[in-house]
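The residues of the chain are indexed from 1 along the displayed sequence.
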Amino acid sequence: MMTKIIEKSIIIHNVPSEKISVEENTVTIDFDDIYERRHKIQFIPYQAIKITTADCFRKDVLLTDETLASGRYQRYIPETENSKWTDQLKRALKEIDENASFMEHARHFVLDLGDEIVEMAASGYALK
């Protein structure tokens with residue numbers, strides 16, 4: 001499992017004042033960056049969402065050369081490659097519907113929102 005930064009222009013604030021909403025096939029997260037500008041990211045379509053308190057999440061997967069390049073940890077928007085979680089979701093889908101293929105396009109995104117870590121299995125994302 002490897003994590004890569006997919007959006008380097010935004011660094012999430014350590015107190016991002018996040019708002020997470022789920023509607024139809026879209027998850028939207030509003031958050032502040034380190035300059036206290038408000039951003040919105042949408043995951044469309046999403047297949048799964050996991051929200052974990054930071055106390056129960058192993059952040060070592062987020063500690064990479066890129067996130068530590070400034071000398072301290074920066075909260076970027078990363079994607080996990082070769083994800084065990086999306087592999088598990090793909091296997092579960094095949095057990096339910098062996099002809100379904102939409103999980104083949106799923107990507108694993110991980111947002112560190114300070115007190116919460118949001119993991120998203122989705123086909124894509126859009127920043128607004």
Side-chain angles (χ1 to χ4, degrees):
M1 181 167 66
M2 186 175 115
T3 302
K4 70 175 181 176
I5 306 304
I6 57 170
E7 188 59 53
K8 293 184 180 182
S9 66
I10 298 172
I11 301 173
I12 300 171
H13 196 286
N14 61 342
V15 183
S17 301
E18 74 277 359
K19 177 186 174 202
I20 302 167
S21 57
V22 180
E23 295 179 33
E24 297 178 23
N25 67 343
T26 305
V27 173
T28 303
I29 302 173
D30 296 286
F31 63 91
D32 292 336
D33 68 12
I34 59 172
Y35 303 106
E36 298 184 2
R37 291 180 300 216
R38 201 77 176 147
H39 296 274
K40 179 183 301 242
I41 187 167
Q42 292 183 312
F43 297 95
I44 310 165
Y46 83 97
Q47 288 80 40
I49 183 173
K50 211 183 332 182
I51 302 173
T52 308
T53 63
D55 297 334
C56 297
F57 187 86
R58 289 186 53 134
K59 281 194 179 181
D60 56 332
V61 298
L62 301 175
L63 303 176
T64 66
D65 290 342
E66 288 181 299
T67 61
L68 297 170
S70 69
R72 64 187 184 107
Y73 172 62
Q74 300 288 340
R75 291 173 172 84
Y76 289 100
I77 300 173
E79 177 179 356
T80 300
E81 296 178 320
N82 303 317
S83 166
K84 292 178 184 177
W85 184 44
T86 55
D87 288 346
Q88 177 187 17
L89 292 169
K90 288 174 188 177
R91 284 191 304 275
L93 175 63
K94 287 296 180 188
E95 288 177 15
I96 296 167
D97 183 351
E98 65 184 43
N99 297 317
S101 61
F102 62 85
M103 278 302 297
E104 296 306 315
H105 306 288
R107 298 164 63 187
H108 182 181
F109 304 95
V110 183
L111 277 73
D112 181 346
L113 299 175
D115 291 337
E116 299 173 329
I117 308 297
V118 177
E119 294 180 82
M120 187 71 51
S123 296
Y125 73 97
L127 281 166
K128 309 228 176 196

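- Tracing side-chain contacts under 4.5 Å through hydrophobic residues (I, L, V, M, F, W, Y), one reaches Leu63 starting from Ile117; they form part of the same cluster.
- Shown here are the side-chain hydrogen bond (donor to acceptor under 3.5 Å, both in side chains) partners of Gln88, two or more places apart in sequence or in another chain: there are none.
- Under the salt bridge (charged side-chain N to carboxylate O under 4.0 Å, His left out) criterion, Asp32 pairs with Arg38, not counting sequence neighbours.
- With a 4.5 Å cut-off on side-chain heavy atoms, Thr3 and Glu66 do not count as touching.
- Listed by first and then second residue, the salt bridge (Lys or Arg N to Asp or Glu O under 4.0 Å) pairs that reach into residues 85-111 are Glu79-Arg107, sequence neighbours excluded.
- For residues 116-128, every residue pair satisfying the salt bridge (Lys or Arg N to Asp or Glu O under 4.0 Å) rule, not counting sequence neighbours, is listed here: Lys50-Glu119.
- For residues 9-22, the pairs satisfying side-chain hydrogen bond (donor to acceptor under 3.5 Å, both in side chains) are Glu7-Ser9, with sequence neighbours left out.
- Annotation for Tyr125: hydrophobic cluster partners, listed by chain and number, are Ile6, Ile10, Ile12, Ile20, Val22, Val27, Ile29, Phe31, Ile41, Phe43, Tyr46, Ile49, Ile51, Ile77, Phe109, Leu111, Leu113, Val118, Met120, Leu127 (ILVMFWY side-chain heavy atoms under 4.5 Å, direct or chained).
- Under the salt bridge (charged side-chain N to carboxylate O under 4.0 Å, His left out) criterion, Asp30 pairs with Lys40, sequence neighbours left out.
- When atom types are taken as modelled, the side chain of Thr80 and the backbone of Ser83 share no donor-acceptor pair closer than 3.5 angstrom.
- The closest side-chain heavy-atom distance from Pro45 to Glu24 is not below 4.5 Å.
- Partners of Ser70 by side-chain hydrogen bond (donor to acceptor under 3.5 Å, both in side chains), not counting sequence neighbours, listed by chain and number: Gln74.
- Residue pairs meeting the ring-ring contact (aromatic ring centres under 6.0 Å, His included) criterion with at least one member in residues 53-90, sequence neighbours excluded, are Trp85-His108.
- We find the CG-CD distance between Leu89 and Gln47 to be 8.0 Å, quoted to the nearest 0.5 Å.
- Partners of Thr64 under the side-chain hydrogen bond (donor to acceptor under 3.5 Å, both in side chains) rule, at least two apart in sequence or in another chain, are Thr67.
- With sequence neighbours excluded, the residues forming a salt bridge (charged side-chain N to carboxylate O under 4.0 Å, His left out) with Arg58 are Asp60, listed by chain and number.
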